[in-house]
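Note that these values count all heavy atoms, side chains included, but never hydrogens, waters or copies made by symmetry. Proteins come first, then strands; the chains are lettered A, B, ... in the order of their sequence lines, and each starts at number 1.
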There are 2 protein chains.
Amino acid sequence: MASNAAFAEVASLAGDPARAGMLHALMDGRALTATELARVAGITPQTASGHLARLTVGGLVAMEKQGRHRYHRLASPAVARMLESIMQVAAATPPRKKAFVGPRDLALRAARTCYDHLAGHLGVALADSLIANGQIELAADAGIVTDSGAALFDRLGIDLDAGSKRKSRMLCRPCLDWSERRPHLAGIVGGALCRHCFTAGWIKHIDGTRAVAITAKGQRNFGEIFGIGSA
Amino acid sequence: MASNAAFAEVASLAGDPARAGMLHALMDGRALTATELARVAGITPQTASGHLARLTVGGLVAMEKQGRHRYHRLASPAVARMLESIMQVAAATPPRKKAFVGPRDLALRAARTCYDHLAGHLGVALADSLIANGQIELAADAGIVTDSGAALFDRLGIDLDAGSKRKSRMLCRPCLDWSERRPHLAGIVGGALCRHCFTAGWIKHIDGTRAVAITAKGQRNFGEIFGIGSA
DNA sequence: CGGAGGCTTCGGCGAAGGCCGAAGCATCGC
DNA sequence: GCGATGCTTCGGCCTTCGCCGAAGCCTCCG
């Protein structure tokens with residue numbers, strides 16, 4: 001089969017530990033330099049350079065140069081979805097060895113970005129709240145925003161129709177959380193909600209990582225609007 | 001990061017050409033024996049056996065023994081979704097070499113099963129028809145069945161609520177077709193529609209492959225119900 | 001019970017590819 | 001122009017892993 005070779009190439013690109021680490025770091029949608037990526041992957045810059053070149057020709061990563069810096073980011077949302085789906089399978093696989101959970105991992109588990117939306121304990125709690133209040137409905141494969149949910153987002157000043165061609169009902173997408181093993185909110189709705197949390201100052205990135213911290217203002221609003229207790 | 005190793009392992013399992021071929025063959029949801037899989041991958045049975053053992057401990061494939069046969073199938077729908085998403089990225093990657101399209105490939109492009117639903121020209125045409133008639137709505141990430149669509153499926157005797165816990169609105173899922181590069185219908189609805197096409201005798205598998213042929217009865221019904229001309 | 005068929009394990013070969021040190025290009029700032 | 005910085009290319013070492021032939025295990029069937 002012709003397409004088989006391309007399939008194996010893409011999968012094996014993601015299958016190297018060093019490259020996997022870089023892709024993981026790029027999953028929050030930001031663009032990083034080769035040296036930064038080398039550090040997160042635990043390899044030297046020259047090795048990272050080689051990996052990034054392969055990822056670029058493989059169509060997983062896009063690069064743009066700015067002065068003497070070269071910024072790398074995921075090539076498309078489809079790549080992010082692919083990485084998510086691999087993480088789902090990887091999380092479902094029986095833990096072969098009691099994984100050591102460090103402080104850095106704890107922060108990630110509490111709250112993090114997942115390409116363009118929120119994941120971790122916070123992400124799952126938000127999704128739970130929306131479901132419990134009948135504002136969204138999630139199945140294993142897909143989800144919708146109810147009228148009540150649309151009203152909520154409207155009240156928050158979140159415009160769901162921006163990129164969605166004015167569908168009669170807002171569509172969203174569930175994304176299985178690898179740390180919580182329960183679905184959180186992705187897709188157009190998840191992205192819009194995440195952006196709103198940042199612009200409203202409810203959350204902010206910790207250092208330069210995917211982990212996010214909940215601000216005091218965020219604590220208040222998450223409690224009032226979504227009934228989420230102190231994280 | 002702890003989960004990184006598991007991620008890379010899963011991806012690299014899918015990243016070997018021989019294993020990719022086997023996974024590809026398993027994507028129609030059926031269970032195959034090691035020897036059959038060895039043939040489709042173009043390797044000897046003993047090599048296939050090693051690959052299958054690794055895929056099994058990696059959680060991608062499940063095995064059950066029946067007498068002296070051992071049937072292998074994808075471990076979960078999540079694995080199938082992962083493979084689909086990798087195919088999407090692989091299809092989007094620029095064709096590095098004019099892929100040779102054989103007759104076998106042509107049959108696959110015309111109509112095939114994709115885990116539990118229909119893909120290829122037929123799958124895309126069905127989705128197009130349902131969209132054009134306002135029976136479903138598809139965005140990039142998710143989709144819904146309209147009241148009109150629910151009525152159609154009801155008329156066909158397709159029970160969408162079987163496994164879906166009676167959601168107020170039926171949910172479905174788009175799946176980007178690697179050959180047509182346009183979405184077709186997956187998820188609960190796609191699966192139910194595909195099963196119906198088989199049980200109603202509209203389509204049947206070609207040999208033992210994922211490719212399907214449209215029967216005369218199918219021709220008639222696809223034309224009358226969905227307005228799809230002769231394939 | 002003995003042969004046949006399906007499948008796995010073992011051992012060894014060979015190619016692929018990850019890794020780094022050193023050196024070579026670009027770009028920025030002084 | 002000159003050094004510093006970010007990044008890439010080159011060369012060589014080394015591990016990993018895919019592959020098959022041969023042999024062994026299990027299950028069915030006559």
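- Regarding B:L37, its CG atom lies at a distance of 10 Å from the P atom of C:dT8, rounded to whole Å.
- The pair A:R173-A:E84 meets the salt-bridge criterion, with a side-chain N (NZ, NE, NH1 or NH2) lying under 4.0 Å from an Asp/Glu carboxylate O.
- In this structure, CG of B:L13 is placed 16 Å from P of D:dT16, rounded to the nearest angstrom.
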What string of B, S and - do you get for nucleotides 17-30 of chain D 5' to 3' if you count protein non-hydrogen atoms under 4.0 Å? SSSBBB----SS--
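- At least one donor-acceptor pair closer than 3.5 Å links the side chain of A:R19 to the backbone N or O of A:S12.
- Atom P of nucleotide C:dT9 and atom CG of B:L52 are separated by 11 Å, given to the nearest angstrom.
- For A:H205 and A:F198, the gap between ring centers is short of 6.0 Å.
- Under 4.0 Å is where a charged nitrogen must lie from a carboxylate oxygen, and between A:D159 and A:R195 no such pair does.
- As a whole-Å value, the separation of B:H69 NE2 from C:dG5 C1' is 8 Å.
- Counting to the nearest Å, the P atom of C:dA16 and the CD atom of A:E9 are 14 Å from each other.
- Note on ring orientation: taking the six-membered ring where Trp is involved, the planes of A:H117 and A:H184 are tilted (angle from 30° to 60°).
- When the C1' atom of C:dC7 is taken as reference, atom CE of B:M63 falls 10 Å away, rounded to whole Å.
- Salt bridge annotation for B:D128-B:R182: present, with a cationic side-chain nitrogen under 4.0 angstrom from a carboxylate oxygen.
- Between A:L32 atom CG and D:dG6 atom C1' there is a gap of 15 Å when expressed in whole angstrom units.
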